[in-house]
Asks: 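Take a look at the following structure, please.
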Amino acid sequence: MSDHGLASDRASQHAAPAHKPDRSVRGGVSSGPFRPPAPQPHAEPLNRLQLLIALRRNPLTIWRRAHFTEQHLAGPGLFGHGVFLADPAAIRHVLIDNVANYRKDDLQLRVLSPGLGDGLLTAEGEAWRRARRIVAPLFTPRRAATLAEAMKAPIDRHVGRLVRRRPGHGLDVSHLMTTLTFDVLAETLFSNVIDGGAEAFGQALTRYFETQGRIDPLDIFNAPAWLPRIGRIMAQPAIDFFERTVRDVVASRTALMARGETAPADLLSALIAARDPDNGGGLSDTEVGANIVTFIGAGHETTANVLTWALYLLAHAPDVREAVEAEADAAGDDVVAAALDGERLAMTRAVIEEAMRLYPPVATLTRSAIAADEAAGVPIPAGALVVIPPYVIHRHQLLWDQPALFRPERFLAPARAGIERCAYLPFGAGPRVCIGQQFALTEAIMVLASLTRRLRFAYAGSSPPEPVQRITLRPKGGMPMLVTRR
Ligand code: HEM
């Protein structure tokens, strides 16, 4: 294929991508499966300037129709030679079978590293392998049950607060979910004990994501790290604040444990006590802190966005909403056990999985090829940027039936078993797969069941929400919804 994946010298004949209207919805009642909003792909490739502007404004708008129909595209682009992959066999080769030949690319590391330091997400090589070995036992299925218990109190607190508010109130569900998932992390990570207040910490984090989450043109052009980036300058006070706070939390917990006093059974204590199974070494205080910041950075907005989109989708699919409500009613207060059981909240889980298909919080995965390679017949030159975008793969014409429609039943048994491993990548795949996958799924299922058991949400915006990719895929300007008691 001669055409490349990301840019072209040919000027596009097309204006900025239009926003697809929600045609199938009349007065909140859908006629058939709901078609949620998505940017209209371009017919022609973007030229370099258009691509640069689109990447800065909303990277979801760079894709053109061919990306949703072709298995791979390749050629020179803004970032050197680019290879776009949508073929599950080629993706498997890069992420799993020949993973040693691919590293996280410099652009991704430059965008993520200033906030996430040397945590697991941005570490490479031996440093990553060692950290993953030490941290992996914290996220086993057995620990998921203990963590799920700890999630229940903050979830119940938020639901209780909503139930007590005046009936029919409107609110920004995106903001609400961000606070909720932050509280769940604060509880499970460090038992919600932060000097200076968890709320100020959460606000600093939100500011960081707002200012930091855009791709800076200086990063695209590989400008030296010492050249100041506007977004980073704006985010710096927030980054400094939460790094300082985490340092203090780690130091006081380490001191407590060194004195032999009983420490809370949370992830922070587990991180401090964790040892490398190969040589018995542990993490330094700085590494513990970097991983706490990474867990919050990687696990808070991502989960919040899945829940926000899930509530939006449910509001447009009354039949599905009723099925989810019935599951929540049956689970009652036993939501922890129900969430850990594969069957009892099957439709709730399917809605979460379908929300992640349509709006994957991590919309693009990228890797840099170390040596020349071939992935399921696709030549990959040394140094090429390999682009694997879950957003496109999840809506690909060759991989999904009616990809643009909200149809959560595709994630119910037996259909679920027919989904190819590398056609559905909300958590990535291979050795660098999301370590918090089970944590996030359990949390999202528990939150959705707890909310739908007591409340109903209706979309209250005057036009459909616009999906926008910052670091995560979120609705631009928030998600206004009307909340009523059931
Ligand atoms: C719905 C929620 C979440 C989504 C969609 C998500 C998605 C992802 C994806 C796609 C990756 C792989 C990135 C790549 O290969 O380039 C990843 C890695 C990671 N995630 Fe998540 N994540 C979520 C929740 C969480 C949570 C709750 C935590 C921690 C508590 C977490 C911690 C991490 C870490 C530490 C990594 C790096 C793993 C490594 O490189 O070894 N994530 N996540």
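Excluded from the calculations below are hydrogen atoms, water molecules and symmetry mates; all remaining heavy atoms, backbone and side chain alike, are included. One-based numbering, in listed order, for ligands and for the atoms of each. Small disclaimer: the values here were computed from a predicted structure and weren't measured.
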Asks: For Tyr312 and Trp309, take the angle between the two ring planes, folded into 0 to 90°, and tell me which bin it lands in: parallel under 30, tilted 30 to 60, perpendicular over 60.
Replies: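 Tyr312 and Trp309: perpendicular rings.
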Asks: Which protein atoms of type N, O or S are found under 2.8 Å from atom 21 (Fe) of ligand 1?
Replies: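 As for protein N, O or S atoms lying under 2.8 Å from atom 21 (Fe) of ligand 1, they are Cys434 SG.
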Asks: Mind checking the NE2-CD spacing from His394 to Glu353? Nearest 0.5 Å is all I need.
Replies: 10.5 Å
Asks: What protein heavy atom sits nearest atom 39 (C) of ligand 1, and how far off is it?
Replies: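 Looking only at protein heavy atoms, the one closest to atom 39 (C) of ligand 1 is Arg132 NH1, 3.3 Å.
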Asks: To the closest 0.5 Å, what do you measure between OH (Tyr459) and CE (Met479)?
Replies: 6.0 Å
Asks: Which atoms of ligand 1 sit under 4.0 Å from any heavy atom of Arg367?
Replies: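 It comes down to these atoms of ligand 1: 14 (C), 15 (O), 16 (O).
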Asks: Give the residue and atom name of whichever protein heavy atom lies nearest to atom 7 (C) of ligand 1, and the separation in Å to one decimal.
Replies: Pro426 O, 3.4 Å
Asks: Hey, which atoms in ligand 1 end up nearer than 4.0 Å to a heavy atom of Phe439?
Replies: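 So the answer, numbered in order with elements, is 27 (C).
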Asks: How does Lys104 reach ligand 1, by side chain, by backbone, by both or by neither, if only non-hydrogen atoms under 4.0 Å count?
Replies: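 It is the side chain that touches ligand 1; the backbone stays farther off.
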Asks: What salt bridge (charged side-chain N to carboxylate O under 4.0 Å, His left out) pairs are there with at least one residue in residues 356-365, not counting sequence neighbours?
Replies: Glu354-Arg357
Asks: Can you run down the salt bridge (charged side-chain N to carboxylate O under 4.0 Å, His left out) pairs that involve residues 429-441, sequence neighbours left out, and say none if there aren't any?
Replies: Glu124-Arg432
Asks: Can you tell me how far apart CG (Leu268) and CD1 (Ile292) are? Round to the nearest 0.5 Å.
Replies: 4.5 Å
Asks: Could you list which atoms of ligand 1 come closer than 4.0 Å to a heavy atom of Pro361?
Replies: 5 (C)
Asks: Walk me through it: do Ser269 and Asp266 pass the test side-chain hydrogen bond (donor to acceptor under 3.5 Å, both in side chains)?
Replies: CA-CA 6 Å; Ser269 298; Asp266 52 22; 3.2 Å; yes
Asks: Tell me which one of Val306, Leu147, Thr364, Thr366 gets a heavy atom nearest to atom 1 (C) of ligand 1.
Replies: Val306
Asks: Please check if any side-chain donor atom of Glu327 sits under 3.5 Å from a side-chain acceptor atom of Thr348, or the reverse.
Replies: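 Side-chain D/A pair, Glu327 to Thr348: present.
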Asks: Measure the spacing between CG of Leu176 and CZ of Arg161 and express it to the nearest 0.5 Å.
Replies: 9.0 Å
Asks: Under the salt bridge (charged side-chain N to carboxylate O under 4.0 Å, His left out) definition, can you give me all pairs with a residue in residues 388-406, not counting sequence neighbours?
Replies: Asp401-Arg407
Asks: Quick one: CD1 on Ile445 to CG on Leu340, what's the gap to the nearest 0.5 Å?
Replies: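 Going from the CD1 atom of Ile445 to the CG atom of Leu340 covers 8.5 Å.
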Asks: Is Arg432 in polar range of ligand 1, meaning some N or O pair under 3.5 Å apart?
Replies: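 Between Arg432 and ligand 1, an N or O pair is found under 3.5 Å apart.
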Asks: Please confirm whether Glu443 approaches ligand 1 to less than 4.0 Å, judged on its heavy atoms.
Replies: no
Asks: What atoms of ligand 1 come within less than 4.0 Å of a heavy atom belonging to Trp128?
Replies: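 So the atoms of ligand 1 that pass are 39 (C), 40 (O), 41 (O).
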Asks: Which residue owns the protein heavy atom closest to atom 13 (C) of ligand 1, what's the atom, and how far is it?
Replies: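 Protein heavy atom at minimum distance: Leu365 CD2, 3.8 Å.
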